Amino acid sequence: MLSEVLLVSAPGKVILHGEHAVVHGKVALAVALNLRTFLRLQPHSNGKVDLSLPNIGIKWAWDVARLQLLDTSFLEQGDVTTPTPELVEKLKEVAGLPDDCAVTESLAVLAFLYLYLSICRKQRALPSLDIAVWSELPHGAGLGSSAAYSVCLAAALLTVCEEIPNPLKDGDCVNRWTKEDLELINKWAFQGERVIHGNPSGVDNAVSTWGGALRYQQGKISSLKRPPALQILLTNTKVPRNTRTLVAGVRNRLLKFPEIVAPLLTSIDAISLECERVLGEMGEAPAPEQYLVLEELIDMNQHHLNALGVGHASLDQLCQVTRARGLHSKLTGAGGGGCGITLLKPGLEQPEVEATKQALTSCGFDCWETSIGAPGVSIHSATSLDSRVQQALDGL
Ligand code: MEV
């Protein structure tokens, strides 16, 4: 087992195009968001496993000796154990969660214990570790924060147990794992996501592991080659929404007006494909005309999503505020409130970006300037000079 401190980060995600249509077998494009979750793992010798999640005010500790004595044979079903509901019930007993434990807290703890016990059980003795996880991502906003959490845990635990090598070499500030190692990280992270979400599609953990941009259709995931790192404003309207209800609403509209709604879904599919094509051609020196195409695609999709019934007055306001400044926005994710993205063209002056952010903030929204197409799960030097990494360490 490794004895050094590990510092790992993984990105969140946004859907660029294809939300809702993807439920009906169409293509979705999901991209890594450069808002990241950071994890610091410190092996220690006090016989405890400590987990702290400062964003949601959690601190938990278990005695390794007690965990070692528990019957965890239910986890021994081959290399990557599937977290069935029965297994999750058994994990709850192991965790000793109180009945009144908040849902977010209990899911985070269960995903951690599941990954810790499953990955570390191959060691002669369970390791004593101190793990802290901190995120730049807002929780529960549809930005893949739980997937980034599972990806960080899987990467750090697999590395400390030497199931995969630490790719950080002397003098490196940051590095990434090989394709094979990333596949293993993704496999385990998907199981962590299943503990948290039951039956997720797997796209969130895939984007967080691989980074960049992914195409997703009917369970098939593939990476886009060399996607450009686009600058965006990400806005959280903070209007709560229920994904299940919104998805059901689209289904009902499709059943009621098949001749009208099916062509909308086909058109959204074509938008995703056109966007994929343009992103593939943008490379390292995108042309202004390519940005114009991306903006038109954003506008058309936003209208389609409104026609599907998943818009919201707050999202209309977001589109109007940015439109007044010559910028183009659409909802991302389930809609009905939630988050929206605004494309920032190169050459846009910083005061103009700041003024737009200010205008959105004064609508009561949270707004971040960030990029999409960010790198996937990465390992950082704990003495990195990167100010963001330092800020994350300060938050732990
Ligand atoms: C939610 O982030 C995206 C939807 O397409 C639902 C889904 O794909 O499961 C609305």
Side-chain angles (χ1 to χ4, degrees), residues 11-33 35 37 104 107 137-151 189-190 193-194 196-209 213-222 232 234-255 261-262 264-273 275-276 297-298 300-312 314-315 318 329-341 366 372:
K13 71 99 196 4
V14 288
I15 296 181
L16 207 49
H17 289 293
E19 48 274 274
H20 289 286
V22 69
V23 176
H24 303 274
K26 310 298 187 200
V27 170
L29 297 181
V31 289
L33 182 64
L35 294 176
T37 292
T104 311
L107 292 176
L137 289 157
H139 168 74
L143 300 175
S145 62
S146 68
Y149 172 70
S150 294
V151 169
F190 181 49
E193 273 284 87
R194 292 177 84 178
I196 298 174
H197 289 301
N199 196 17
S201 66
V203 71
D204 286 12
N205 49 279
V207 179
S208 191
T209 302
L214 296 186
R215 166 202 233 267
Y216 181 85
Q217 185 172 30
Q218 292 183 325
K220 283 207 201 75
I221 299 173
S222 57
I232 60 157
L234 172 73
T235 304
N236 186 0
T237 65
K238 298 195 269 183
V239 173
R241 78 274 182 266
N242 182 319
T243 302
R244 199 182 286 247
T245 312
L246 289 153
V247 168
V250 174
R251 190 175 297 285
N252 289 340
R253 208 169 257 200
L254 177 63
L255 289 172
V261 176
L264 287 175
L265 299 176
T266 306
S267 177
I268 292 176
D269 196 44
I271 289 173
S272 298
L273 296 178
C275 182
E276 182 184 4
L297 296 176
I298 285 175
M300 287 191 283
N301 199 358
Q302 177 62 16
H303 287 301
H304 286 350
L305 288 161
N306 272 322
L308 291 178
V310 297
H312 187 270
S314 61
L315 293 163
L318 156 64
S329 309
K330 71 174 274 291
L331 68 84
T332 179
C339 290
I341 50 174
D366 284 342
I372 51 180

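Note that the coordinates shown come from a computational prediction; the quantities given were computed from them, not determined experimentally. Counting starts at 1 for both ligands and their atoms, in listed order.
- Nearest heavy-atom pair, Ile15 versus Gly333, reported as atom, atom and distance to 0.1 Å: CB-N, 4.4 Å.
- Counting only heavy atoms from C-beta outward, the side chains of His24 and Arg251 approach each other to under 4.5 Å.
- For the pair Ile196 and Tyr149, the minimum side-chain heavy-atom distance is below 4.5 Å.
- Rounding to the nearest 0.5 Å places CG of Leu29 at 10.5 Å from CD of Gln217.
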Mind listing the N or O contacts between ligand 1 and protein, cut-off under 3.5 Å?
from, atom 1, to, atom 2, distance (Å)
ligand 1, 5 (O), His20, N, 2.9

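- Considering only heavy atoms from C-beta on, Arg215 stays 4.5 Å or farther from Ile221 through its side chain.
- Ion pair Glu19/Lys330 flagged as a salt bridge, since at least one NZ, NE, NH1 or NH2 atom sits closer than 4.0 Å to an Asp/Glu carboxylate oxygen.
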